[in-house]
Amino acid sequence: MRLTILGGGGFRVPLVHGALLGDHAEGRVTRVVLHDVDAGRLRAITRVLAEQADGVPDAPEVTATTDLDEALSGADFVFSAIRVGGLEGRANDERVALAEGVLGQETVGAGGIAYGLRTVPVAVDIARRVARLAPDAWVINFTNPAGLVTEAMSRHLGDRVIGICDSPVGLGRRIARVLGARPGEAWIDYVGLNHLGWVRGLRVDGRDELPRLLDDPALLGSFEEGRLFGTDWLRSLGAIPNEYLHYYYFNREAVRAYRRAERTRGAFLHDQQARFYTGASDPDAPALDLWERTRAEREATYMAENREAAGAGEREADDLSGGYEKVALALMRAIARDERTTLILNVRNRGTLSPLDGDAVIEVPCLVDANGAHPVSVDPLPDHATGLVCAVKAVEREVLAAARSGSRTTAVKAFALHPLVDSVNVARRLVDGYTAVHPGLAYLG
């Protein structure tokens with residue numbers, strides 16, 4: 001089976017490759033094709049993968065190319081993890097937004113809109129190429145903003161594109177752990193959009209254990225979300241929000257912490273990864289060891305500003321292990337081998353969440369088999385969550401419309417309607433600022 005990884009020179013590709021190395025079952029991935037527009041990054045990551053595979057029997061064959069059509073032709077699965085504009089683009093997204101006093105995070109608020117506006121045209125081109133060159137392939141999208149990009153690609157690929165994210169996985173794992181349950185044996189009632197969802201129940205042997213957690217302040221405050229949001233707020237909600245909702249519930253505090261920080265997250269990662277890729281290009285350097293040390297620092301500093309604003313302290317060691325690569329492998333196994341499983345995924349709504357239309361991509365538990373991912377029916381969201389989901393989905397639709405039409409007016413509308421921007425004048429200045437620093441937004445008239 002052939003897996004093509006778009007963004008194949010990306011820093012987290014070794015996580016996917018490492019997961020593949022542990023799969024020795026029949027029908028496993030036997031060939032990995034890495035594609036990237038940056039040949040130097042491809043060479044560095046190829047070195048890391050070669051060191052990972054050293055001594056592993058039947059390791060997948062790895063090849064690399066900068067030719068997109070060559071990479072896609074003959075693929076059984078396409079894993080998309082591109083970053084249009086690179087980390088410099090992310091740093092610019094943050095800088096422009098913070099100068100206007102609004103959030104610049106790469107998937108939430110102004111930064112997420114800017115990232116989406118320059119990513120959607122590229123993702124749509126990829127979707128069209130997949131439909132032409134590998135019509136039977138399944139596309140697994142991790143490119144952020146994951147829900148928005150998956151919806152853009154689904155207009156050309158239908159249900160053969162599925163979005164994944166590690167946030168719900170990590171959240172479910174943490175809740176199960178503090179409740180003394182095995183994550184693999186728990187049913188997680190999770191619903192929302194990507195980076196905008198809530199755990200409303202966790203069932204073990206048919207019994208919902210979440211009320212027990214919410215009724216115990218000490219237990220509730222013992223894991224990351226309890227410290228991040230505060231136990232009183234979680235008990236008020238009667239649910240555990242995805243960590244990214246901290247940007248909504250504590251927006252002013254988050255923006256203040258980001259503006260106080262010495263560097264934005266994007267600037268930090270840009271400098272950190274520049275050192276890694278420079279070091280890994282040395283043929284005498286231990287590329288895998290350098291990657292592992294860089295990754296450990298990256299994970300430990302994840303959402304550091306939010307934890308500082310909440311006084312949440314350092315991340316726990318168990319939360320530094322990632323997870324999206326495990327979701328990707330489980331998804332591929334389920335489809336390729338008909339190994340039926342349940343995963344939280346980004347898929348078309350199809351009536352699952354009643355306030356949204358059938359084509360809206362949502363993030364919910366899905367039953368996965370050889371025919372793809374099938375969303376599981378969920379109970380309605382409470383009014384406060386429904387309002388937020390509908391508002392953000394409306395913004396995503398304006399982003400898609402702006403990317404399709406090239407309309408600056410529609411782009412301004414997308415920014416202005418977002419609840420974390422809330423000003424037409426700020427929205428206009430954001431569009432001016434982003435088009436000035438991003439060549440990829442030159443299409444906006």
Side-chain angles (χ1 to χ4, degrees), residues 84-85 89-121 124 144-149 151-152 192-196 244-260 264-266 305-306 309 355-357 360-361 383-445:
V84 179
R90 176 174 176 177
N92 284 332
D93 288 344
E94 295 164 335
R95 179 177 57 79
V96 170
L98 289 173
E100 292 294 337
V102 297
L103 188 70
Q105 204 276 337
E106 69 167 338
T107 65
V108 176
I113 295 172
Y115 191 20
L117 284 170
R118 67 176 186 273
T119 302
V120 164
V124 167
N144 276 324
L148 171 64
V149 172
E151 185 164 330
L193 307 180
N194 180 241
H195 289 178
L196 190 74
Y244 282 83
L245 274 154
H246 191 266
Y247 294 116
Y248 292 88
Y249 294 145
F250 298 91
N251 178 250
R252 295 184 184 186
E253 292 84 355
V255 170
R256 187 162 55 244
Y258 271 76
R259 297 185 85 173
R260 278 203 312 260
T264 65
R265 178 67 172 172
E305 291 82 5
N306 298 72
L356 302 179
D357 63 69
V361 166
D383 288 347
H384 69 86
T386 297
L388 193 52
V389 164
C390 289
V392 173
K393 179 54 70 175
V395 170
E396 290 184 352
R397 290 289 171 75
E398 296 297 337
V399 172
L400 292 174
R404 183 171 60 252
S405 66
S407 167
R408 181 185 185 278
T409 299
T410 306
V412 169
K413 187 178 178 184
F415 282 102
L417 291 177
H418 199 285
L420 299 186
V421 176
D422 70 12
S423 166
V424 176
N425 289 330
V426 170
R428 290 172 177 150
R429 293 196 296 270
L430 286 169
V431 172
D432 290 340
Y434 284 130
T435 53
V437 299
H438 288 311
L441 294 182
Y443 71 88
L444 292 174

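Nothing here was measured: the structure is a model prediction, and the numbers come from that model.
Between Leu193 and Val361, the shortest heavy-atom distance links the atoms CD2-O, 3.7 Å. Of all heavy-atom pairs between Pro145 and Tyr115, the closest is CD-CD2, 4.0 Å. For Phe415 against Ala114, the heavy-atom pair with the smallest separation is CZ-N, 4.0 Å. Smallest separation of non-hydrogen atoms from Leu400 and Ala152: CD2-CB, 3.5 Å. Annotation for Thr410 and Ser405: closest pair OG1-OG, 4.4 Å, computed over non-hydrogen atoms. For the pair Leu444 and Ala402, the tightest heavy-atom approach, listed with the atom from each and the gap, is CD2-O, 4.2 Å.
Put simply, the side chain of Val149 does not reach to within 4.5 Å of the side chain of Asn144, judged on heavy atoms.
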>> Could you walk me through whether Glu151 and Lys393 satisfy the side chain to side chain contact (heavy atoms under 4.5 Å, CB included) test, starting with their C-alpha distance in whole Å, then the side-chain angles of each, then the deciding distance to 0.1 Å, before giving a yes or no?
In response: CA-CA 11 Å; Glu151 185 164 330; Lys393 179 54 70 175; 2.7 Å; yes
>> Assess the residue pair His418 and Val102 against the criterion (side chain to side chain contact (heavy atoms under 4.5 Å, CB included)); give the C-alpha distance rounded to whole Å, side-chain angles, the decisive distance to 0.1 Å, and a yes or no.
In response: CA-CA 11 Å; His418 199 285; Val102 297; over 6 Å; no
>> Before you tell me yes or no, could you show the steps for Arg252 and Val255 under side chain to side chain contact (heavy atoms under 4.5 Å, CB included), namely the whole-Å CA-CA distance, both residues' side-chain angles and the distance that decides it to 0.1 Å?
In response: CA-CA 5 Å; Arg252 295 184 184 186; Val255 170; 5.9 Å; no
>> Let's go through Arg90 and Arg265 carefully: what are the C-alpha distance in whole Å and the side-chain angles of both, what is the deciding distance for side chain to side chain contact (heavy atoms under 4.5 Å, CB included) to 0.1 Å, and is it a yes or a no?
In response: CA-CA 9 Å; Arg90 176 174 176 177; Arg265 178 67 172 172; 3.1 Å; yes
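Listed by chain and number, the residues in a salt bridge (Lys or Arg N to Asp or Glu O under 4.0 Å) with Arg256 amount to none (sequence neighbours excluded). Scored by the side chain to side chain contact (heavy atoms under 4.5 Å, CB included) test, Asp357 finds Asp359, Ala360, Arg397 as partners (sequence neighbours excluded). Listed by chain and number, the residues in a side chain to side chain donor-acceptor pair (under 3.5 Å) with Arg408 are Asp432 (sequence neighbours excluded). Every side chain to side chain donor-acceptor pair (under 3.5 Å) that Arg95 has, sequence neighbours left out, goes to Asn92. Remark: Asp383 pairs with no residue by the side chain to side chain donor-acceptor pair (under 3.5 Å) rule, at least two apart or across chains. Taking Asp93 as the reference, Arg118, His438 meet the side chain to side chain donor-acceptor pair (under 3.5 Å) condition, with sequence neighbours excluded.
A distance of 7.0 Å separates CD in Glu94 from OH in Tyr258, rounded to the nearest 0.5 Å. If you take CD1 on Ile113 and CG on Leu430, they are separated by 8.0 Å, rounding to the nearest 0.5 Å. Note: Leu117 CG to Thr435 OG1 = 10.5 Å, rounded to the nearest 0.5 Å. Between Asn194 atom CG and Tyr244 atom OH the span is 8.5 Å, to the nearest 0.5 Å. In this structure, Tyr247 OH and Leu420 CG are separated by 11.0 Å, a value rounded to the nearest 0.5 Å. The distance from the CD atom of Glu396 to the CG atom of Leu417 is 13.0 Å, given to the nearest 0.5 Å.
Taking the six-membered ring for Trp and thresholds of 30 and 60 degrees, His246 and Phe250 have nearly parallel ring planes, at less than 30 degrees apart.
The side chain to side chain contact (heavy atoms under 4.5 Å, CB included) test with Leu103 singles out one residue from Val421, Asn251, Leu98, and that residue is Asn251.
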